[in-house]
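What follows is a single structure, written as structure tokens, with notes after it.
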Amino acid sequence: MSKLDGKFVPLPEGFYEQPTLLLAKSLLGCLLVKETDEGVAAGYIVETEAYIGPDDKAAHSYKNRRTVRTEVMFQRSGLVYSYLMHTHCLFNIVSGGVEKPEAVLIRALEPVYGIELMKERRGIEDLKRLTNGPGNLTKSLGITMEDYGHQLFIPPLYIAKGFSPTSISVGKRIGIDNSEEARDYPWRFWVSNNKYVSRHQKSLYVIT
DNA sequence: CCCAAGATCCACT
DNA sequence: GTGGATCTTGGGA
């Protein structure tokens with residue numbers, strides 16, 4: 001991984017200008033980094049989901065639904081779409097381009113850097129549970145609603161080069177059982193056999 | 001203003 | 001596998 005002054009090098013804006021399903025797969029293995037006054041925390045992305053409004057019933061932007069919350073999804077690719085779910089903040093990357101409200105939800109990381117800080121923020125010691133879910137990883141990295149709309153190609157919140165997965169598993173998205181036919185779309189991607197993935201699920205197929 | 005729903009997590013059985 | 005915690009958002013009155 002490339003490092004500069006103890007920090008990492010953000011991927012350029014152009015990285016985010018690829019079709020959402022490709023981006024969701026390209027993000028696997030990349031390093032998600034958050035720098036704060038408390039320190040730097042980072043982890044490899046090991047699980048993602050694609051949300052492709054306006055035709056995706058599971059997406060907040062279904063039917064081009066444009067509200068205060070979803071506004072950033074209509075902006076340019078590479079911005080942060082964060083939102084609150086119960087007591088948790090969930091982190092998404094805007095994709096699709098201007099007026100195409102699509103996004104990739106980051107569902108799990110493999111802890112890499114700043115692990116002690118993550119343990120403090122989470123109040124637990126178990127490495128496996130630090131970032132194994134969309135609500136857990138934002139808490140470990142210190143990602144909040146203040147990051148809404150941030151440009152991911154510049155600090156303090158950005159994505160850097162990581163590793164290239166040898167195998168990617170594909171399955172149905174999690175937690176959208178009320179979204180009718182959209183529940184079956186094969187738009188969940190994870191690094192095969194990675195132990196930090198949020199849930200075990202039978203893969204529909206594997207990409208090698 | 002009121003209220004229902006939710007891209008979750010954890011403890012418990 | 002199930003249920004409760006907990007609170008914001010958005011739609012409707």
Side-chain angles (χ1 to χ4, degrees), chain A residues 16 20-21 23-25 27-28 32 43 45-75 77 79-96 100-111 118-150 152 157 169-191 195-204:
Chain A
Y16 302 95
T20 299
L21 290 175
L23 180 63
K25 286 177 273 194
L27 283 164
L28 293 175
L32 177 61
I45 295 169
V46 297
E47 180 182 349
T48 61
E49 282 181 359
Y51 286 85
I52 308 181
D55 299 319
D56 177 5
K57 284 186 180 172
H60 294 156
S61 54
Y62 178 53
K63 288 186 175 170
N64 280 316
R65 196 163 178 259
R66 193 163 186 156
T67 65
V68 171
R69 182 172 72 155
T70 63
E71 177 57 33
V72 76
M73 291 185 75
F74 292 82
Q75 307 303 321
S77 301
L79 302 189
V80 174
Y81 171 39
S82 51
Y83 70 93
L84 295 168
M85 177 57 171
H86 294 266
T87 55
H88 308 281
C89 178
L90 273 63
F91 170 74
N92 299 254
I93 297 168
V94 173
S95 60
K100 304 283 186 195
E102 307 179 6
V104 177
L105 170 68
I106 306 302
R107 288 194 55 91
L109 305 177
E110 176 175 333
M118 294 190 204
K119 287 178 175 175
E120 263 177 57
R121 285 171 169 158
R122 293 274 286 118
I124 61 173
E125 287 293 315
D126 185 2
L127 195 62
K128 265 191 70 173
R129 292 177 48 209
L130 285 179
T131 52
N132 65 335
N136 290 340
L137 72 91
T138 54
K139 189 168 181 187
S140 282
L141 264 58
I143 295 171
T144 68
M145 287 307 292
E146 305 227 325
D147 294 305
Y148 182 95
H150 172 74
L152 272 170
L157 175 58
S169 297
V170 183
K172 299 177 183 181
R173 294 173 293 177
I174 303 291
I176 56 161
D177 287 344
N178 293 330
S179 300
E180 301 173 43
E181 76 274 8
R183 94 185 79 175
D184 295 324
Y185 297 170
W187 290 352
R188 176 181 182 230
F189 308 94
W190 66 94
V191 174
K195 67 178 182 178
Y196 298 97
V197 163
S198 68
R199 293 210 213 178
H200 289 294
Q201 176 196 45
K202 192 196 291 187
S203 60
L204 298 169

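Quick note on labels: first sequence line is chain A, next is B, and so on, each numbered from 1. Side chains included, hydrogens not; waters and symmetry mates left out as well; all remaining heavy atoms used.
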Practice prompt. State plainly whether the residues A:Lys57 and A:Glu180 are in salt-bridge range, i.e. N to O under 4.0 Å.
Written response: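 Between A:Glu180 and A:Lys57 there is a salt bridge, with a charged N closer than 4.0 Å to a carboxylate O.
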
Worksheet item: So what does A:Arg188 touch, heavy atoms closer than 4.0 Å: a base, only the sugar-phosphate, or nothing?
Response: nothing

Fill in: Matching residue for A:Leu109 among A:Asn132, A:Asn136, A:Leu32 - test: side-chain contact (heavy atoms from CB on, under 4.5 Å)
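Among the candidates, only A:Leu32 passes.
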
Discussion item. Test: salt bridge (charged side-chain N to carboxylate O under 4.0 Å, His left out). Region: residues 122-132 of chain A. Which pairs qualify, not counting sequence neighbours?
Written reply: A:Lys119-A:Glu125

Item to complete: Kindly say whether A:Pro134 contributes a backbone atom to a donor-acceptor pair with the side chain of A:Ser198 at under 3.5 angstrom?
Response: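 Absent.
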
Discussion item. Using modelled atom types and a 3.5 Å cut-off, is there a donor and acceptor pairing between side-chain atoms of A:Ser140 and backbone atoms of A:Leu130?
Written reply: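 Checking the backbone N and O of A:Leu130 against the side chain of A:Ser140, a donor-acceptor pair under 3.5 Å is found.
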
Discussion item. Taking side chain to side chain donor-acceptor pair (under 3.5 Å) as the definition, give me every residue that meets it alongside A:Thr131, ordered by chain and number, with sequence neighbours left out.
Written reply: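 Once residues adjacent in sequence are excluded, A:Thr131 has no partner under the side chain to side chain donor-acceptor pair (under 3.5 Å) criterion.
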
Fill in: A:Glu71, CD: over 12 other non-hydrogen atoms inside 6.0 angstrom
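Count over threshold, so yes.
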
Worksheet entry | Span of DNA chain C in contact with chain A (heavy atoms, under 4.0 Å) |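 Nucleotide range with atoms under 4.0 Å of chain A: C:dA5 to C:dG11.
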
Worksheet item: Where along nucleotides 2-13 of chain B does protein come under 4.0 Å, by heavy atom, of base (B) or sugar-phosphate alone (S), with - for untouched nucleotides?
Response: ----BBBSS---

Item to complete: Can you measure from CG (A:Asn92) to CZ (A:Arg107) and round to the nearest 0.5 angstrom?
Response: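 Interatomic distance, A:Asn92 CG to A:Arg107 CZ, rounded to 0.5 Å: 11.0 Å.
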
Item to complete: Provide the closest heavy-atom pair for A:Ala103 versus A:Thr20 in the form atom of the first, atom of the second, distance.
Response: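 Where A:Ala103 meets A:Thr20 most closely, the heavy atoms are O-CG2, 3.8 Å.
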
Response to the item:
Output field dot_bracket for DNA chain B (Watson-Crick or G-U, both distances under 3.5 Å, | for other-strand pairs) contains ||||||.|||||.

Residues 80-88 of chain A, side-chain donor-acceptor partners within the protein, below 3.5 Å, at least two apart:
from: A:Tyr81; atom 1: OH; to: A:His60; atom 2: ND1; distance (Å): 2.7
from: A:Ser82; atom 1: OG; to: A:Tyr148; atom 2: N; distance (Å): 3.4

